Peer 1: 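Before I ask anything, let me first share the structure, which is written out below as structure tokens.
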Amino acid sequence: MGSSVKAVVSRLSVALLGAAALSVATVPAVADDVAALYQDKCASCHGADRFGLMGPALLPQNLKRLRKNKAAKVIANGRAATQMPAFAEQLNEAQIQSLVDYVYTPLDEVPEWGMEQMLASRIVNHEPGTLSDEPVFEADLMNLFLVVEIGDHHVTLLNGDTFEPIHRFKTRFALHGGPKYSPDGRYVYITSRDGWISKFDIYNLKVVAEIRAGINSRNLAVSSDGRYAMVANYLPHNLVVLDTETMKPLKVIETIGKNDEGVEISSRVSAVYNAPPRESFIAALKDIKEVWEISYADEPSEDFAGWIHDYKNEKAANKPHEDFPTRKIPTRVFLDDFFFNQQYDLLFGASRDGEALVMSMDARREYTQLELSGMPHLGSGITWDYQGRPVMATPNIKKGLVSIVDMESFETIKMIETEGPGFFMRSHENSPYAWVDVFFGPNKDKVHIIDKSTLEIVKTLKPSPGKTAAHVEFTKDGKYALLSIWDMDGELIIYDAKTFEEIKRLPMVKPSGKYNVWNKTRYSSGTSH
Ligand code: DHE
């Protein structure tokens, strides 16, 4: 980027810091440059501060998944199925390029997004208790699916018995991570990469409240009692606890720790998970070698009291109880992709270079290592019983293989060769089969079906040649498997999970994940949690 752009950005950043809702009129000093161009063409939708308004935030942290040349095309041609207009007639190539450079330039300081900003962003469409407790439609409420259509930022609510859509609604821009249900299945909380958390009332088919809990968020987890949601943020570096009834923030937990040199730093949070038997949330930190466990129990166990860095020094660290007390588990490497056994006393974590560790959550130390080559995608791991012993299966995002690990000996008992690296894997307690996609490479249109008793691939489907086929979820009874054709001109395909016969195709706009109320609220061993 040119030095003039940098200078402008720096001047503007200083002007913008701490001013989340700055008006266009307050930056006249930079009238002829890219900042003024941004204010003129972009600010009304993306925010004067680039934090996002109706359109997504335009900060490098939020744009990581968009290549610069693609960004230039979006500015020139607009973005299909969104409000983003085409600017090719109004801006020349150089202007477009300068805008691209501008929005990929970091702000000088991490912007302020605390309690005050979160509360100001909160939108309440329906106060708690004002909507009917009777569903406005008829269906088995435990066999509903939410299907995320990332192509045009919508969600479809699907009847899992008839496979008829019940409702389709617009969401915030770019959802990520699985939507999380309240334990009774009435509400679902969905996260956008821009930090918006929306609470949707399934019984009334209405978004009841929203809050922007971060500027760049990863995912959220809902406590087993349904009272709290915890949001994992990349920006700012923190975890946010929300009261799920009011959608007000209760606590901000800043993720601060020490690096290898002992210097205090803050860390991005990769993801957060609910651990039902432990009544706690477990967070993966991207930049600090620690796993954090945050208790939401009314009476947390003693070892939660205080901020414990050293598990051996537990007694010395005893402090009075605080709300959502945190305990920290030191790790040898950065761990940011997690899988848990069904008891939640063992955490399986993968490092950025593919090292996989098993951590004991109670002893708070490394328990053993796993021998897994490539880059296992532990977040998509599932478990089942094989010859009387529990095994874990994980796809691999670098190599065409599925690893099967004995969860008692921690040995890899089989590596099943697939036709390319996969992303998502699924099964169900009632199904003899596990399904895994081939997400990357020339065979991305294929899905393998593995017999759980022989650990062999018994069938490979290629439902829409040339189009990515990915992410399976089962119905409540495990009789049907739903698969996405991950394309703007995409489909949801329903299969008989026993015969693999196609039952139905529903047109959808780049459907990604799908989430069955029963399997998710019961923490089925065949699905992600
Ligand atoms: Fe995801 C879940 C991390 C890129 C689609 N993804 C998750 C979770 C994590 C994660 C930690 C579990 C959270 C949860 O469900 O609550 N994902 C990451 C990354 O680090 C990565 C590689 C890079 C990034 O920038 O985030 C990444 N993810 C993607 C994609 O490119 C995908 C395919 C398309 C997209 O929508 O962005 C994608 N991720 C998903 C989906 C889930 C998910 C559909 C939910 C899976 C489920 O069934 O539970």
Side-chain angles (χ1 to χ4, degrees), residues 56 60-67 145-155 171-181 188-194 197 216-222 229-235 239 268-275 281-286 334-340 347-352 354 375-382 395-398 421-427 435-440 444 468-474 481-484 486-487 490 492 509-516 519-521 523-524 526-529:
Q61 293 91 336
N62 301 60
L63 293 167
K64 272 211 172 105
R65 301 169 47 75
L66 185 69
R67 279 197 293 273
F145 285 85
L146 230 65
V147 187
V148 174
E149 294 179 66
I150 42 168
D152 64 351
H153 315 284
H154 276 71
V155 160
T171 67
R172 294 279 168 179
F173 187 82
L175 301 188
H176 182 243
K180 301 289 152 58
Y181 295 103
V188 64
Y189 304 87
I190 50 186
T191 312
S192 82
R193 286 187 184 264
D194 277 352
I197 310 298
N216 185 359
S217 298
R218 301 293 296 160
N219 79 325
L220 67 66
V222 171
M230 181 168 272
V231 182
N233 284 325
Y234 262 8
L235 195 67
L239 289 152
R268 293 165 292 171
V269 186
S270 297
V272 62
Y273 305 85
N274 178 39
F281 294 115
I282 297 174
L285 304 189
K286 190 120 188 130
F334 296 105
L335 294 181
D336 62 6
D337 182 22
F338 287 0
F339 169 81
F340 299 91
L347 180 163
F348 295 57
S351 78
R352 290 166 212 172
M375 175 62 84
H377 190 208
L378 294 178
S380 270
I382 55 170
N396 200 296
I397 53 181
K398 280 211 178 127
F423 212 86
F424 301 107
M425 184 152 190
R426 284 291 183 277
S427 186
W435 297 48
V436 64
D437 49 52
V438 179
F439 199 79
F440 306 96
K444 61 181 187 180
T468 302
H471 196 286
V472 170
E473 186 55 274
F474 285 75
L482 282 62
L483 168 71
S484 295
W486 204 288
D487 194 270
L492 189 75
V509 189
K510 211 172 184 186
S512 55
K514 57 208 70 66
Y515 308 87
N516 178 274
N519 297 341
K520 290 296 178 190
T521 53
Y523 288 75
S524 159
T527 194
S528 62
H529 297 169

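We count residues from 1, following the sequence as given. Computed from a predicted structure; not experimentally measured. As the structure lists them, so they are numbered: ligands from 1, and atoms in each ligand from 1.
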Peer 1: Starting from atom 2 (C) of ligand 1, what is the nearest protein heavy atom, named by residue and atom, and what distance separates them?
Peer 2: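 Closest protein heavy atom to atom 2 (C) of ligand 1: G177 CA, 3.7 Å.
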Peer 1: Show me which atoms of ligand 1 lie under 4.0 Å from any heavy atom of F439.
Peer 2: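 Here the atoms of ligand 1 in question are 33 (C).
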Peer 1: Which residue owns the protein heavy atom closest to atom 46 (C) of ligand 1, what's the atom, and how far is it?
Peer 2: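 Ranking protein heavy atoms by distance from atom 46 (C) of ligand 1, first comes F424 CE2, 3.7 Å.
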Peer 1: Which bit of E473 is near ligand 1, meaning a heavy atom under 4.0 Å away: side chain, backbone, both or neither?
Peer 2: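 Neither; no heavy atom under 4.0 Å.
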Peer 1: Rounded to the nearest 0.5 Å, how far apart are NZ of K520 and OH of Y181?
Peer 2: 8.5 Å
Peer 1: Minimum heavy-atom separation for R193 to H176, with atom names?
Peer 2: NH2-CD2, 3.2 Å
Peer 1: Please name the atom of H176, limited to N, O or S, that comes nearest to atom 1 (Fe) of ligand 1.
Peer 2: NE2
Peer 1: Can you name the atoms of ligand 1, numbered from 1 with element, that are less than 4.0 Å from a heavy atom of S528?
Peer 2: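 Close to S528: 47 (C), 48 (O), 49 (O).
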Peer 1: Walk me through whether F423 and H471 qualify under ring pair (Phe, Tyr, Trp, His ring centres under 6.0 Å).
Peer 2: CA-CA 8 Å; F423 212 86; H471 196 286; 9.3 Å; no
Peer 1: For V222 and F281, work out which heavy atoms get closest and say how close.
Peer 2: C-CE2, 3.9 Å
Peer 1: Which part of W486 is near ligand 1, with near meaning a heavy atom under 4.0 Å away: side chain, backbone, both or neither?
Peer 2: side chain
Peer 1: Which pair of non-hydrogen atoms, one from L483 and one from V472, has the smallest distance, and what is that distance?
Peer 2: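 Closest pair (atom of L483, atom of V472, distance): CD1-CG2, 3.7 Å.
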Peer 1: Tell me yes or no: between the side chains of R426 and S528, is some donor less than 3.5 Å from an acceptor?
Peer 2: yes
Peer 1: Apply side-chain contact (heavy atoms from CB on, under 4.5 Å) to the pair D487 and T468, showing each step before the final yes or no.
Peer 2: CA-CA 7 Å; D487 194 270; T468 302; over 6 Å; no
Peer 1: For ligand 1, is F338 a contact, meaning one of its heavy atoms is under 4.0 Å away?
Peer 2: no
Peer 1: For atom 26 (O) of ligand 1, which candidate among R65, R218, H377 holds the nearest heavy atom?
Peer 2: R218
Peer 1: With a heavy-atom distance limit of 4.0 Å, tell me whether R426 approaches ligand 1 through its side chain, its backbone, both, or neither.
Peer 2: side chain
Peer 1: Report the nearest protein non-hydrogen atom to atom 37 (O) of ligand 1: residue, atom name, distance rounded to 0.1 Å.
Peer 2: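 Answer for atom 37 (O) of ligand 1: R193 NH2, 2.7 Å.
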Peer 1: Evaluate S512 for polar contact with ligand 1, using N/O atom pairs at a separation under 3.5 Å.
Peer 2: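 In fact, backbone or side chain, S512 has no N or O that close.
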Peer 1: Please list, in number order, the atoms of ligand 1 under 4.0 Å from a heavy atom of H471.
Peer 2: 46 (C), 47 (C), 48 (O)
Peer 1: Does S484 form a side-chain contact (heavy atoms from CB on, under 4.5 Å) with L492? I'd like the steps, not just the answer.
Peer 2: CA-CA 5 Å; S484 295; L492 189 75; 4.2 Å; yes
Peer 1: List every atom of ligand 1 that sits less than 4.0 Å from any heavy atom of A271, numbering the atoms from 1 in the order shown and giving each element.
Peer 2: 11 (C)
Peer 1: With respect to K180, which candidate in L220, I197, N274 satisfies the side chain to side chain contact (heavy atoms under 4.5 Å, CB included) definition?
Peer 2: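 Going through L220, I197, N274 one by one, the side chain to side chain contact (heavy atoms under 4.5 Å, CB included) with K180 is satisfied by L220 alone.
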Peer 1: Counting each atom of ligand 1 from 1 as listed, which ones have a heavy atom of K180 under 4.0 Å away?
Peer 2: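 So the answer, numbered in order with elements, is 14 (C), 15 (O), 16 (O).
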Peer 1: What's the separation between atom CD1 in I382 and atom CZ in F424, rounded to the nearest 0.5 Å?
Peer 2: 13.5 Å
Peer 1: Which option out of Y234, Y515, F423 puts a heavy atom nearest to atom 42 (C) of ligand 1?
Peer 2: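 The nearest heavy atom belongs to Y515.
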Peer 1: Taking all non-hydrogen atoms of both residues into account, name the closest pair between I397 and G422 and its distance.
Peer 2: CG2-O, 3.3 Å
Peer 1: Identify, for atom 15 (O) of ligand 1, the protein heavy atom at the shortest distance, and state residue, atom and that distance.
Peer 2: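 Heavy-atom neighbour on the protein nearest atom 15 (O) of ligand 1: G178 N, 2.8 Å.
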Peer 1: How far is atom 13 (C) of ligand 1 from the closest protein heavy atom, and which atom is that?
Peer 2: N219 ND2, 3.3 Å
